[in-house]
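A quick write-up on the structure given underneath.
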Amino acid sequence: MNNAHYAKQINDILAEVKKAVIGKDAIIIKTLLAILCKGHILIEDIPGVGKTTLALAFSKALSLKHNRMQFTPDVLPSDITGFSVYNKLKNTFEFREGVAFCNLFLADEINRTSSKTQSALLELMEEKSITVDGNTYKLPEPYTVIATQNPIGSAGTHNLPDSQLDRFMIKLSMGYPDFNGEVAILKAKFNSSPLENINAVANIYTINELQEHISNIYVDDKVYEFIVSLSNATRNHPMIKVGISPRGTLALMQISKGIAAAMGRDYIIPDDVIYICPDVFIHRIMLNSKARLTGISAENIIADIIKNTPAPSISVR
């Protein structure tokens with residue numbers, strides 16, 4: 001298969017999702033690439049801007065089994081992971097799968113539940129398996145968590161643990177649609193739900209094929225060094241308390257490969273890294289008191305780091 005073939009597959013999926021999610025092309029592309037790069041997505045925004053619609057649209061276009069859970073304070077870890085039930089006829093315990101056993105798990109309003117329940121996601125996001133009563137159960141492949149959360153400070157919200165935030169490949173924000181986009185949304189919902197118009201244009205085989213192609217994207221040594229330089233800059237910045245972890249550095253490389261594939265290339269260029277870097281870094285850095293007192297945002301600091309980290313010149317293969 002040539003590069004154009006894989007780029008077309010990606011564009012076909014994007015075209016279907018755009019039927020239901022209007023005016024958010026950049027968000028759709030980044031979400032798809034995170035899925036194809038075996039990552040998880042955190043979407044933070046106010047209710048009603050299309051976060052859930054985005055996840056459901058991808059489940060239909062990709063022919064993936066999906067489950068959805070509305071996270072509330074009374075949700076228990078076993079609701080997610082599953083639990084063992086005693087069968088007195090067989091005199092043995094049987095495992096009952098939790099809601100996380102699917103290909104695409106939509107964790108809605110994840111920061112409204114307790115820290116104990118949030119921690120139930122740690123193993124399944126990192127190792128794509130679940131351990132209950134000493135037994136480990138593998139989750140289906142491919143496996144992706146799309147979590148939504150309301151802005152921190154909204155009524156009833158809790159901060160996600162840093163260890164959990166670090167397991168999300170990217171963090172996105174839907175934002176309000178523009179004027180024309182909102183008019184298009186009204187028209188699209190006039191007679192039916194736009195989700196009903198989405199056709200399945202991919203399946204597990206297609207996703208596996210794309211994931212294999214993306215994993216083989218070439219990375220020049222200079223690009224490796226550029227990615228690490230960006231991460232190192234966060235660790236040495238005077239206004240950052242906690243910088244990017246090696247897991248974050250790896251996430252930046254992986255999704256940069258996805259961008260290259262979507263552009264019909266089999267190699268990364270520095271612009272791929274620069275484009276997606278803010279979405280990979282934004283939820284991973286922790287600002288210090290000096291930054292908070294001066295009112296400088298994490299977005300501004302990341303933009304400053306990108307601007308002051310020289311991008312290499314590489315020869316086109």
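Only heavy atoms go into these numbers, but all of them, side chains included; no hydrogens, no water, no symmetry mates. Residue numbers run from 1 in the order of the sequence given.
D304 and N308 share a donor-acceptor pair across their side chains, judged by distance under 3.5 Å alone. Using a 3.5 Å distance cut-off with no hydrogens or angles, the side chains of S78 and T81 do not pair a donor with an acceptor. With 3.5 Å as the limit, one finds no donor-acceptor pair spanning the side chains of S229 and N232.
Between A61 and V17, the shortest heavy-atom contact is CB-CG2, 4.1 Å. Between A20 and T53, the closest heavy-atom pair is O-CG2, 3.9 Å. Summarising the geometry of L252 relative to C277, their closest heavy-atom pair is CD1-CA, 3.7 Å, with the distance given to 0.1 Å. S59 and H66 get closest at one heavy-atom pair: OG-ND1, 3.4 Å. Looking at every heavy atom in both residues, P142 comes nearest to N208 through CD-OD1, 4.5 Å. The shortest heavy-atom contact between N199 and E16 is N-OE1, 2.8 Å.
At a threshold of 4.0 Å, the pair E109-R112 counts as salt-bridged, since one of the basic side-chain nitrogens sits closer than that to a carboxylate oxygen. Look at D162 and R284 and you find no salt bridge, because none of the NZ, NE, NH1 or NH2 atoms lies under 4.0 Å from a carboxylate O. Residues D279 and K171 are not paired through a salt bridge, judged by the lack of any N-O separation under 4.0 Å between the basic side chain and the carboxylate.
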Derivation and outcome, side chain to side chain contact (heavy atoms under 4.5 Å, CB included), residues S129 and L139: CA-CA 5 Å; S129 64; L139 291 165; 5.6 Å; no
T144 and N103: CA distance, side-chain angles, deciding distance, side chain to side chain contact (heavy atoms under 4.5 Å, CB included) verdict: CA-CA 6 Å; T144 299; N103 298 113; over 6 Å; no
Working for side chain to side chain donor-acceptor pair (under 3.5 Å), residues D166 and S245: CA-CA 8 Å; D166 200 33; S245 69; 2.8 Å; yes
Working for side chain to side chain contact (heavy atoms under 4.5 Å, CB included), residues I13 and L210: CA-CA 12 Å; I13 298 167; L210 285 167; 4.3 Å; yes
CA sep, side-chain torsions, deciding dist, call: M125, F168, side chain to side chain contact (heavy atoms under 4.5 Å, CB included): CA-CA 8 Å; M125 291 177 68; F168 288 102; 3.6 Å; yes
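Connection of F281 to M286 is not established within any shared hydrophobic cluster, with ILVMFWY side chains joined at heavy-atom distances below 4.5 Å, either directly or through further cluster members. Linking Ile, Leu, Val, Met, Phe, Trp and Tyr residues whenever their side-chain heavy atoms come within less than 4.5 Å leaves L122 and Y137 in two separate clusters. The cluster map of Ile, Leu, Val, Met, Phe, Trp and Tyr, joined by side-chain heavy atoms under 4.5 Å apart, puts L56 and V21 in different clusters. Under the 4.5 Å side-chain heavy-atom criterion for ILVMFWY residues, a single connected hydrophobic cluster contains both I268 and I274. Under the 4.5 Å side-chain heavy-atom criterion for Ile, Leu, Val, Met, Phe, Trp and Tyr, L195 and I27 are members of distinct hydrophobic clusters.
The shortest side-chain heavy-atom distance between P270 and P312 falls under the 4.5 Å cut-off. By the 4.5 Å heavy-atom criterion applied to side chains, K128 and L124 are not counted as neighbours. Side-chain contact check for I207 versus L62: some heavy-atom pair is nearer than 4.5 Å. Between V280 and I255, some side-chain heavy-atom pair lies under the 4.5 Å cut-off. Annotation: side chain of K65 is not in contact with side chain of P140 (no heavy-atom distance under 4.5 Å). With contacts defined as side-chain heavy-atom distances shorter than 4.5 Å, the pair L33/K30 does not qualify. Proximity of F58 to I35: side-chain heavy atoms (C-beta onward) are separated by under 4.5 Å at one or more points. Considering only heavy atoms from C-beta on, E126 comes within 4.5 Å of R247 through its side chain.
Rounded to the nearest 0.5 angstrom, M263 CE and I10 CD1 are separated by 11.0 Å. The CG atom of L121 sits 4.5 Å away from the CD1 atom of I80 when rounded to the nearest 0.5 Å. In this structure, CD1 on I146 lies 11.0 Å from NE2 on H40, to the nearest 0.5 angstrom. Rounded to the nearest 0.5 angstrom, Q254 CD and T249 OG1 are separated by 11.0 Å. Distance check: T52 OG1 to I43 CD1 gives 8.5 Å after rounding to the nearest 0.5 Å. Once rounded to the nearest 0.5 Å, the distance linking CD1 of I214 with NZ of K257 reads 9.5 Å.
Distance alone, capped at 3.5 Å, places no donor-acceptor pair between the K19 side chain and the I198 backbone. D272 places a side-chain N or O within 3.5 Å of a backbone atom of I269 that can act as its donor or acceptor partner. Between the N135 side chain and the T131 main chain, no donor and acceptor come within less than 3.5 Å of each other. Side chain of D12 to backbone of Q9: no donor-acceptor contact under 3.5 angstrom is found. In this structure a side-chain-to-backbone donor-acceptor pair under 3.5 Å is present from N203 to Y205. A donor-acceptor pair under 3.5 Å is absent between the side-chain atoms of N300 and the main chain of I296, judged by distance alone. Panel note: side chain D178, backbone G23; no donor-acceptor pair is recorded below 3.5 Å. At distances below 3.5 Å, not a single donor-acceptor pair connects side-chain atoms of S84 with backbone N or O atoms of F93. With Q118 contributing its side chain and I110 its backbone, the two residues share a donor-acceptor pair below 3.5 Å. Between the side chain of T234 and the backbone N or O of S231, at least one donor-acceptor pair lies under 3.5 Å.
In terms of the salt bridge (charged side-chain N to carboxylate O under 4.0 Å, His left out) criterion, K24 has no residue partners (sequence neighbours excluded).
For F101 and F95, the ring centers sit closer than 6.0 Å to each other.
Ring geometry for F105 against F71 counts as tilted: the plane angle lies between 30° and 60°, on a 0 to 90° scale. The aromatic rings of Y6 and H213 sit parallel to each other, their planes meeting at less than 30°, with 60° as the upper class boundary.
The number of heavy atoms from other shown groups lying within 6.0 Å of NZ (K60) is above 12. Within a 6.0 Å radius of CZ in F179, other residues, nucleotides and ligands contribute 12 heavy atoms or fewer.
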